[in-house]
Amino acid sequence: MNINKCKLVVLSGILGLFTACSTQNNVVKATSPTKNTSKPNNNTSAPKPPVATTNPGTPPPVDDTFRTVLPEIKREFRGAWIASVANINWPSRNNLTVDQQKAEAINMLDMLKDNNFNAVIFQVRPSADALYTSSLEPWSYFLTGQTGTAPYPNYDPLQFWIEESHKRGLELHVWLNPYRAHHSNGGTPNSLSMVNKVPDIVLRLKNGMYWFDPADPRTQGHVSNVVKDIVKRYDIDAVHFDDYFYPYATYNRGADFPDQKTWSAYQSSGGTLTRADWRRDNVNKFVERIYKEIHAEKKIMSDLGSVRLGFGGLGIRKGLSVHLNMTNYMLMLNYG
């Protein structure tokens, strides 16, 4: 009797365990009909919705793919300015030896190459002077410490920069200041300075600088000859102008630019523009002239390839449609 009770308890336990496992796995198995002795449960839940199954023979839906042809991405311009005026960047001093000058240049170019730059904007004419061999203007004060004095032993810094830049896959853009005739950090103008060579077209400002008169045809002719000389003799990739405008009023201590002579001549010839528009027109005509002459020169010397013309100027945030986090920014305009 006791043995039968033990068997019944064990069988009941096994049956309960089997039923619980079957319920957890949602598996229904056919069994022989048994008498339902449980009490009715009035808390019934709604039946679960049927589970959707995928027919193995039907491929899954594919999302539509929209494709478009985008314009070709041009090579990104990543340039660095190398300023020679006031010995800001190169050479770091105006009394370095030639070997020291070359070593500084090599270090700069290696750094630019290692940091994935692809262009150098090298200032070769900071103030009507030359960091290259020129018959039109004197050697720069910022190169040798004396206007008109060549480096010793003599070499051509621009040619050196071109060769070393191209070795590293860097473009070389020559940077010129077209109207500045003398910088206040450039020592006292000597007899070889353009200030004393062409005094009729140079105006002295109250901060110690000298400026070519942009309205004088002789100014435009002289700068044009300088640019054409560089384009003709050197394998450069671009010509870049900075300070291609009339000087800031602060250069003349708030006074207007002293171009009364050329302004009066314009008025006497029947000119009708305002003085501000006349000045802008002088710069516009000069820019157009240089652009055309560069491309005409390169067509003649087609073996050297194309040369671009660029400008670095100040842009004012209020004049832009896009908000910038700075008041001024440097703008590079390539005209081809």
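When a residue number appears, it is its place in the shown sequence, counting from 1.
Salt bridge absent: Arg125 and Asp129 never bring a charged side-chain N and a carboxylate O closer than 4.0 Å. The pair Glu288-Lys292 meets the salt-bridge criterion, with a side-chain N (NZ, NE, NH1 or NH2) lying under 4.0 Å from an Asp/Glu carboxylate O. The pair Asp242-Arg180 does not count as a salt bridge, with every side-chain nitrogen at least 4.0 angstrom from each carboxylate oxygen.
Side-chain contact between Ile230 and Leu176 is present, with at least one heavy-atom pair separated by less than 4.5 Å. Ser92 places none of its side-chain heavy atoms less than 4.5 Å from the side chain of Asn87. Trp139 is not listed as a side-chain neighbour of Leu192, based on a closest heavy-atom distance of 4.5 Å or more. Side-chain atoms of Leu158 and Leu172, non-hydrogen and from C-beta on, do get closer than 4.5 Å to each other. You'll find the side chain of Leu109 reaches within 4.5 Å of the side chain of Val120, heavy atoms only. Residues Arg168 and Glu164 form a side-chain contact, since some pair of their non-hydrogen atoms from C-beta on lies under 4.5 Å apart. Side chains of Ser193 and Pro138 form no contact here, defined as non-hydrogen atoms less than 4.5 Å apart. Between Ile162 and Tyr234, some side-chain heavy-atom pair lies under the 4.5 Å cut-off.
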Notebook entry, point to check: Can Thr262 and Asp213 be said to form a side chain to side chain donor-acceptor pair (under 3.5 Å), step by step?
Noted result: CA-CA 8 Å; Thr262 48; Asp213 185 350; 2.8 Å; yes
Next item on the list: Before giving the answer on side chain to side chain donor-acceptor pair (under 3.5 Å), spell out for Asp277 and Thr274 the whole-Å C-alpha distance, their side-chain angles and the decisive distance to 0.1 Å.
Entry: CA-CA 5 Å; Asp277 287 340; Thr274 65; 3.3 Å; yes
Notebook entry, point to check: Would Ile290 and Phe241 satisfy side-chain contact (heavy atoms from CB on, under 4.5 Å), going step by step from the backbone distance to the final call?
Noted result: CA-CA 10 Å; Ile290 296 299; Phe241 278 167; 4.0 Å; yes
Item checked: Steps toward side chain to side chain donor-acceptor pair (under 3.5 Å) verdict (Gln123, Asn177) -> CA-CA 8 Å; Gln123 190 176 31; Asn177 295 72; 2.8 Å; yes
Margin query: The test is side-chain contact (heavy atoms from CB on, under 4.5 Å); show your working for Tyr210 and Leu203 and say whether it passes.
Written below: CA-CA 6 Å; Tyr210 291 80; Leu203 302 170; over 6 Å; no
Next item on the list: Dump the intermediate steps for salt bridge (charged side-chain N to carboxylate O under 4.0 Å, His left out) on Glu163 and Lys167, then the final yes or no.
Entry: CA-CA 6 Å; Glu163 292 175 357; Lys167 284 180 185 178; 5.8 Å; no
Next item on the list: Go through the steps to decide whether Phe212 and Val198 satisfy the test side-chain contact (heavy atoms from CB on, under 4.5 Å), and finish with yes or no.
Entry: CA-CA 9 Å; Phe212 284 106; Val198 287; 3.9 Å; yes
Notebook entry, point to check: Given His182 and Trp211, is the side-chain contact (heavy atoms from CB on, under 4.5 Å) satisfied, shown in steps?
Noted result: CA-CA 7 Å; His182 180 77; Trp211 217 263; over 6 Å; no
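Residues Asp229 and Tyr132 approach most closely at OD2-CE1, 4.2 Å, considering heavy atoms. Looking at every heavy atom in both residues, Ala119 comes nearest to Phe77 through CB-CE1, 3.6 Å. Residue Leu143 comes nearest to Pro157 through the heavy atom pair CD2-CG, 3.9 Å, listed as atom of the first residue, atom of the second, then distance. Residues Pro258 and Asn252 approach most closely at CD-ND2, 4.1 Å, considering heavy atoms. Of all heavy-atom pairs between Asp235 and His166, the closest is O-CE1, 3.2 Å. Residues Thr144 and Pro151 share a closest heavy-atom pair of CG2-N, 3.7 Å.
A single hydrophobic cluster is seen to contain both Val174 and Leu136, as judged by linkage of ILVMFWY side chains at heavy-atom distances under 4.5 Å, directly or through other members. Grouping the Ile, Leu, Val, Met, Phe, Trp and Tyr side chains by contacts below 4.5 angstrom, directly or via other members, places Ile106 apart from Leu96.
Atom CG of Leu170 is separated from atom CZ of Arg78 by 10.0 Å, given to the nearest 0.5 angstrom. Between Gln267 atom CD and Gln260 atom CD the span is 7.0 Å, to the nearest 0.5 Å. Here the straight-line distance linking atom CE of Met194 with atom OG of Ser127 works out to 11.5 Å at 0.5 Å rounding. One finds the OG atom of Ser191 at 7.5 Å from the CG atom of Asn196 (value rounded to the nearest 0.5 Å). The CG atom of Asn225 sits 10.0 Å away from the CD atom of Glu137 when rounded to the nearest 0.5 Å. Here the CG-CG distance, from Asn107 to Leu112, works out to 11.0 Å after rounding to the nearest 0.5 Å.
Ser134 places no side-chain N or O within 3.5 Å of a backbone atom of Ala130 that could act as its donor or acceptor partner. With hydrogens and angles ignored, the 3.5 Å screen pairs a side-chain donor or acceptor of Asp216 with a backbone N or O of Arg218. A distance-only check finds no donor-acceptor pair linking the side chain of Asn207 to the backbone of Ser184 [under 3.5 Å]. Between the Asn118 side chain and the Glu76 main chain, a donor and an acceptor come within less than 3.5 Å of each other. With hydrogens and angles ignored, the 3.5 Å screen pairs a side-chain donor or acceptor of Gln220 with a backbone N or O of Pro214.
Ring geometry for Tyr291 against His295 counts as tilted: the plane angle lies between 30° and 60°, on a 0 to 90° scale. Note on ring orientation: taking the six-membered ring where Trp is involved, the planes of Trp278 and Trp263 are tilted (angle from 30° to 60°).
In this structure, Arg279 forms a cation-pi arrangement with Tyr246, its terminal cationic atom sitting closer than 6.0 Å to the ring centre and no more than 45° off the ring axis. A cation-pi contact, defined as under 6.0 Å to the ring centre and within 45° of the axis, is absent between Lys261 and Tyr266.
Alongside Phe142, the hydrophobic cluster contains Val85, Ile88, Tyr141 (criterion: ILVMFWY side chains under 4.5 Å).
Surrounding NZ of Lys197 are more than 12 heavy atoms belonging to other residues, nucleotides or ligands, all under 6.0 Å away.
Between Tyr179 and Phe286, the distance separating the two ring centers is shorter than 6.0 angstrom. Taking the six-membered ring where the residue is Trp, the centroids of Trp161 and His173 are separated by 6.0 Å or more. A centroid separation of less than 6.0 Å is found between the aromatic rings of Trp90 and Phe122.
A donor and an acceptor atom, one from each side chain of Glu171 and Ser165, are nowhere located under 3.5 Å apart. Donor-acceptor pairing under 3.5 Å is lacking for the side chains of Gln100 and Glu104.
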